[in-house]
Amino acid sequence: MKELPVYVDVKNGRTRVLTEISRVEGDVEELCNDIRKELFYESQEKNLVRVNHTNNHVIIKGRHGFMVKEWLAKKGF
């Protein structure tokens, strides 16, 4: 299956939306930094893209699933 592990998670009674990239192998911090530099370079918010080190997930605030999937496909994932 050529599906990318990018999910949109809605929490807190639909008031908090997170985009989550799971099943990351390799350097999670580097992936997080690349996403921050290439997709969210205009954002001033520090915690927009972060890493959950417990399960190696990259978590992005907001509904960015389609944009992240396109970016990952363009990068060859």
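Salt bridge status for Lys11 with Asp9: present, with a side-chain N to carboxylate O gap under 4.0 Å.
Residues Leu48 and Ser43 share a closest heavy-atom pair of CD2-OG, 3.6 Å. Shortest non-hydrogen contact noted between Leu4 and Phe77 is CD2-O, 3.9 Å. Here the closest heavy-atom approach between residue Ile35 and residue Val58 is recorded as CD1-CG1, 4.2 Å. Shortest non-hydrogen contact noted between Cys32 and Val49 is SG-CG1, 3.4 Å.
Side chains of Arg50 and Asn47: no donor on one and acceptor on the other come within 3.5 Å.
Atoms CG and CZ, on Asn56 and Arg23 in that order, are 13.5 Å from each other to the nearest 0.5 Å.
Linking ILVMFWY side-chain heavy atoms closer than 4.5 Å, directly or via other members, places Trp71 and Val6 in a single hydrophobic cluster. In the hydrophobic clustering of ILVMFWY residues, with side-chain heavy atoms under 4.5 Å counting as a link, Val51 and Leu72 come out together.
Side-chain atoms of Ser22 do not come within 3.5 Å of backbone N or O of His57 as any donor-acceptor pair. A donor-acceptor contact shorter than 3.5 Å links the side chain of Thr15 to the backbone of Asn12. A donor-acceptor contact shorter than 3.5 Å links the side chain of Thr19 to the backbone of His64.
Counting heavy atoms from C-beta outward, Leu39 and Met67 have side chains that approach closer than 4.5 Å.
Within a 6.0 Å sphere centred on OH of Tyr7, other residues, nucleotides and ligands contribute more than 12 heavy atoms.
In the hydrophobic clustering, Leu18 connects to Ile59, either directly or through intervening members, whenever side-chain heavy atoms lie under 4.5 Å apart.
Among residue pairs with one or both ends in residues 60-77, those qualifying as salt bridge (Lys or Arg N to Asp or Glu O under 4.0 Å) are Glu38-Lys75, Glu45-Lys61; sequence neighbours excluded.
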